[in-house]
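Everything on this sheet refers to the single structure shown next.
Just follow the structure's listing: the first ligand is 1, and inside any ligand the first atom is 1.
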Amino acid sequence: MKKSSNPQLNKWIDEMVALVQPDQVIWIDGSEEQRQDLYNQACDSGEMIRLNQEKLPGCYLHRTAVNDVARVEDRTFICTREKENAGPTNNWMDPKEAYAKLGKLFEGSMKGRTMYVIPYCMGPIGSPFSKVGIELTDSIYVVENMIIMTRVGDAVLEMLGDSNDFVRGLHSKAQLDAENRYICHFPEDNTIWSVNSGYGGNVLLGKKCFALRIASYQGKNEGWMAEHMLILGIENPQGEVKYVAAAFPSACGKTNLAMLIPPEIYKKQGYKVWTVGDDIAWIRVGEDGRLWAVNPENGFFGVAPGTNAKSNPNALATTRQNTIFTNVVHNLEDNTVWWEGLDKNPPKKAIDWKGRPWDPDTATEKGAHPNSRFTASASGCPCLSKEFANPKGVPLSAIIFGGRRAKTAPLVYQARDWEHGVFVGSVMASETTAAAAGAVGVVRRDPMAMLPFCGYHMGDYFQHWLEMGKKVGDKAPKIFNVNWFRTDDEGHFIWPGFGDNMRVLMWILARCDGKADAVETPIGYEPKPEDINVEGLDGVTTQTVADLLTVDKALWREDAANIREFYGKFGDRLPKELMAQLDRLDANLQE
Ligand code: OXD
Ligand code: MN
């Protein structure tokens, strides 16, 4: 077995090999030759299908087990020594118990299999802000996904040198037994153990497990932030680019906003939008005292259904090469892929995500799983920012929070200051739509879109946000909240969304530059309706914008009561500044 020159790394790998007992160990070196060799093996064994290499060069299809199609929040644990340190929003397991329990499941789990050692780097290799992880896995699918999503191979080992500062990740598909599926995080040990799953979010350990759960804990201790945010740049006709980061819960359009195509009125003036990231931002104080953001990933793990030439042409183009598709429809007519919402021409000869023959005319079930995915390399993205791999990241002018609120939240408002902005993020929520019977308007609080991803006590996380604001003082990005999802009385969305969201971003940037007015409301600053440009929009007028900006005090009073209940969970670990913000909101709503 090859060894690295790092004694701590070798020691840990020896221990893990003794536990899982693989037949052989292969180190992922980052070479194209090894990558192709593994694709060949996966295609020979049936684990992956090589797609039409003329139409989709470098693209493959994989199907997961039918019981293994999404992140499993109820089986995801934060294993801190003290239960209180995991906080009220996480599942907790005693680390001793977790190591013992999962140890049994891992024991001999790689017998007859190969263990792959994946040295990977979150962030550009060599950047002082980047961090190294080592994932041990028995899945070629995981290896190939990690090669797309992160930077892997010998260069990472070189960067690590003799340091013990790496995240130790162990993954085994084991029997894919849903009853014994566990995703355990040990933030105090820099360790992640994941067993009995083969689904991306549970097994690509660099992503949610490291870059959010472990990294958020590291960030708290080291003075930086790991956030569930997209990062995008907006270039004006003079060639100046301003960057914003935005946190939305799942299914609220992060990838779409990150890759948006400006409406004609802005395009013809020369505005451009550049994608830095679509899911995760690591944010630090830069030399100039501002907040700078890096996307630690190297690819996009996006939801396929609904992605099409209209909703997100840039994402679609990104998936036309070097992409792994998971649980989509296999189009047998030309050996390509299809999913619901791609176009109106589902293939007549096809295989569904469960591997069964599928005919769109007679099918009673969807062909692609609603959470089917593409894993696509950032290098294929037509609007990729040239700062994408800049080791320093990009300076943030604004931070945007958002959720899906049918009635309460206006199209956009600005927080009065950083502290108020932290309050706005901490009470972020999305509510179920009219489509879900019996559940209209049910609010799920998802602070900063981090509810499933914060690796420690959420009250301490809010405190950390407040501290970061103190570090940057008046150089802090301005904080905003947006809501693209207000509906009319028939439940139709009022705002067109997608590329037209740029119209709202333009007001946000104008505010950051001190070039736009605002109106003070009980919840924060709003635009004057005429300051949101509606030129060229069909059926949306300045009056529509005025309607989208109304603040219904009765609804907000209900919301404030709900926030108070939610805050109650955090006990004395809720920063007093946030309670004061809530009191102020209440008072404003009584006026
Ligand atoms: C998510 C994802 O579940 O990005 O948030 O995959
Ligand atoms: Mn995400």
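- The pair Asp68-Arg181 meets the salt-bridge criterion, with a side-chain N (NZ, NE, NH1 or NH2) lying under 4.0 Å from an Asp/Glu carboxylate O.
- Arg151 and Glu297 are not joined by a salt bridge, as no carboxylate oxygen comes within less than 4.0 angstrom of a charged side-chain nitrogen.
- The salt bridge (charged side-chain N to carboxylate O under 4.0 Å, His left out) analysis of residues 192-201, with sequence neighbours excluded, yields no pairs.
- Put simply, the side chain of Asn196 gets close to the backbone of Gln175: a donor and an acceptor are under 3.5 Å apart.
- Crowding of Glu179 atom CD: a count of heavy atoms from other residues, nucleotides or ligands under 6.0 Å not exceeding 12.
- Between Glu222 and Lys131 there is a salt bridge, since a side-chain N of the basic residue sits under 4.0 Å from a carboxylate O of the acidic one.
- Asp279 has a carboxylate O that lies under 4.0 Å from a charged side-chain N of Lys208, or vice versa, which qualifies the two as a salt bridge.
- The 4.0 Å heavy-atom shell around ligand 1 contains residues Arg71, Lys208, His228, Ser250, Asp279, Arg373, Phe453, ordered by chain and number.
- Under 4.0 Å is where a charged nitrogen must lie from a carboxylate oxygen, and between Lys354 and Glu365 at least one such pair does.
- Around the Mn ion (ligand 2), protein N, O or S atoms at less than 2.8 Å number 3.
- Judged as a side-chain hydrogen bond (donor to acceptor under 3.5 Å, both in side chains), and not counting sequence neighbours, Glu188 has no contacts.
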